[in-house]
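All figures in this text were calculated on a predicted structure; none of them were measured in a lab. Lettering of chains follows the sequences in order, A, B, ..., and the numbering in each one begins at 1.
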Amino acid sequence: MITTKKITKKYGDFTALDQLSLNVKPGEIYCLLGANGAGKSTTINLVLGFINPTSGEALINGKSVFKNNIETKKDIAYIPENLMLYPTLTAMENLDYFSGIGGQKLKKDQLESLLIQSGLQPEAFYKRTNAFSKGMRQKVGIAIAIAKQAKALLLDEPTSGLDPKASNEFGELLQELKGNGVATLMATHDLFRAKEIATHIGIMKSGKLKQQFTASDISLPQLEKAYLDTMNYKELAK
Amino acid sequence: MKNTLIKELKELFRDGRIRLAGGIVILLLGMAVWISSSQYHKIKQQNKISEAHERENWEDQGEKNPHSAAHYGTYAFKPQYPLGFLDKGIEKYAGTSVFMEAHKRNEAQFSPVIDQTGLARFGELSPDFILLFIIPLLIILMGYNSFTKERELGTVSLLKSQGVKSNNILFGKWLSLFLPIIAITLLLFLIAGILLSGLEGFGWGSLFLLLLVYWIYYAVFINITLLTSRLSKSSSIALVVMLSVWIVSCLVVPKATGNIADSKYPYPTRQQFTTSVLVDKEKGLDGHNPWSKEAKKLEQQTLAKYKVDSLAQLPFNYDAFRMQKGEEHEAKVYQKHYQKLRDQFAGQASTYRSLSILSPFLPARFLSMGISRTDYHSHWDFEDATENYRIITQKFLNDNFAKNSSYGDWGYKVDSSFWKDLPKFNYEHPSLNKVLEQQLFSLVILMGWLLISFLLLLTVKNKI
């Protein structure tokens, strides 16, 4: 569903992403781990078609993202690290707008149902989002993603800054989407959350995919050690 | 597109700055319409009274020599075109009435500005001021951050990920700026139409065309504003750029163009003009001077033509005949010198037209004044009409004098009922077709601005 084939992104002499190949099938959650600058967000942006690759290609449902930019986006839902909404619009209005331009014309009760599903408190539905916390905004973002009924979900550090409860709820939601056959590619720093929700885990460093695991084959301590080894944090790994 | 339009409109109407600015514009427009409307009706009433009074004076001259009546003269009053209440154009500076007398073409006098103090320099609150200067500012305020806000708020990535075509977002944003402006101006023009519909000379076609011109002008400003917002890195930069565009387009270019046009095609001073006319007049026949070389020449020609030995044998009063010939010579002299002024104006107008590519304000301004019949073309049309009427009047009087009296009979007087036979001065403003013919270039330039700004907006690389 989400495929990258030897995708490379260079900025001058700097290689942000180096020949990355991965494949996320329907019903899989692939977590990309790595330090800042490892190339996780670059990968997400390339798959989204926000930036063009230097070489290689990204495919959604078998279609090239760069050749079919608008068409492939219809199959993608995206939640950025710091999801921002229109502050003068209410949560309902934001959801209505984003789902509307995404091609979904939803009724009021459907919009409310999506916000309930995303975990947003009902009393916040009709409030302007200018006073929303990051967690509340992320929940609206989740509702937007669910509304799109996308086959591929791209998440860039979605739980960063969320409180443990919100982060846990988010994990549960991903599991639900996984059950619905959605392919998820998620960039994160959170090893614990990755181990908990992912089906596959990849560790990136300097634009390269250094290690890949099936989540069920590795324990959290093993994953932690592998991560620290990859990052060359030898003292910490001991 | 519809989703973006609704979203943008909600954002606009929830923005206190826009609500305040929009409210001020509507209030100013309301005040301008009220002030302008009351002034219009006041002047119209004054014209009506003056016209009736002047005609009464003319008809009540009693028994009098026709040439004395020619010197007594009469006034023609410039009727206001109904749309002049929306755009006063040059009306404030151009005269409102012309004194028509024998031997002399007078310019329109009693311009409204001479009745005002130095405070007139500050200008006045009129609908055209709001339409041409203030509404573009409102557009800038509404749209300068249309695209930059998406980047600054951080909504751009979510927006881009939805798979919406950037042009759909663009058209939604474009319409969200255009629709409120349409609503405000449509309301204003409808009120104007209702207020003016009963008046003589009013045409809905002209009103609608005027509205269309303003809509094109606003569309250009919307295009430039959105283009700037699309290309700018931040809202503050976009605002500064757009305010600079407004200052250059609406203030600097028109004033600089005026200076350039005036230096390239200067008008003669009034003294120079009067002297030139006098010199040319003296070269020809003076109807009052029977001893001049030209008068003697005419005398010989007339005697030869009618095969008589003396002026007394002519079948008409030769004094009146000479007077009429003098009038005809003077009319030609005036025509020649006024044509020179027109040529200078044509030069100035061509400079304005060339520099219209620097500012959409100029073609919009010219079109607005033209359609409102308050531009120079319209003013000259009125002055030409008064001159034609003056010539007809002089001929009417001189012919009567010539036919009904004999040579040397300066004591001849017409009956007091004679004056009523002179047709009244009846002026009709230039037709809309004629105005469009005169303003074709401005229309082309304004359309050029619209098309080019649209093309730039659609082809700019920095898209959402």
K.L.:
Is Leu154(A) close to chain B through its backbone or its side chain, or both, or neither, when contacts mean heavy atoms under 4.5 Å?
P.N.:
neither
K.L.:
Determine the sole option in Thr129(A), Asn82(A), Asn94(A) for which the side-chain hydrogen bond (donor to acceptor under 3.5 Å, both in side chains) test with Arg137(A) is passed.
P.N.:
Asn82(A)
K.L.:
Looking at chain A, which one of Asp15(B), Leu153(B), Thr155(B), Thr4(B) has the largest number of heavy-atom pairs inside 4.5 Å, strictly under?
P.N.:
Thr155(B)
K.L.:
Does Lys127(A) make a cation-pi contact with Phe125(A) (under 6.0 Å, within 45 degrees of the axis)?
P.N.:
no
K.L.:
If you tally heavy-atom pairs under 4.5 Å against chain B, which of Leu48(A), Asn45(A), Leu89(A), Leu83(A) wins?
P.N.:
Leu89(A)
K.L.:
Would you say Tyr144(B) and Ser232(B) are linked by a side-chain donor-acceptor pair, where the criterion is simply a distance under 3.5 Å?
P.N.:
no
K.L.:
Check whether any side-chain N or O of Ser36(B) sits under 3.5 Å from a backbone N or O of Val33(B) as a donor-acceptor pair, and report yes or no.
P.N.:
no
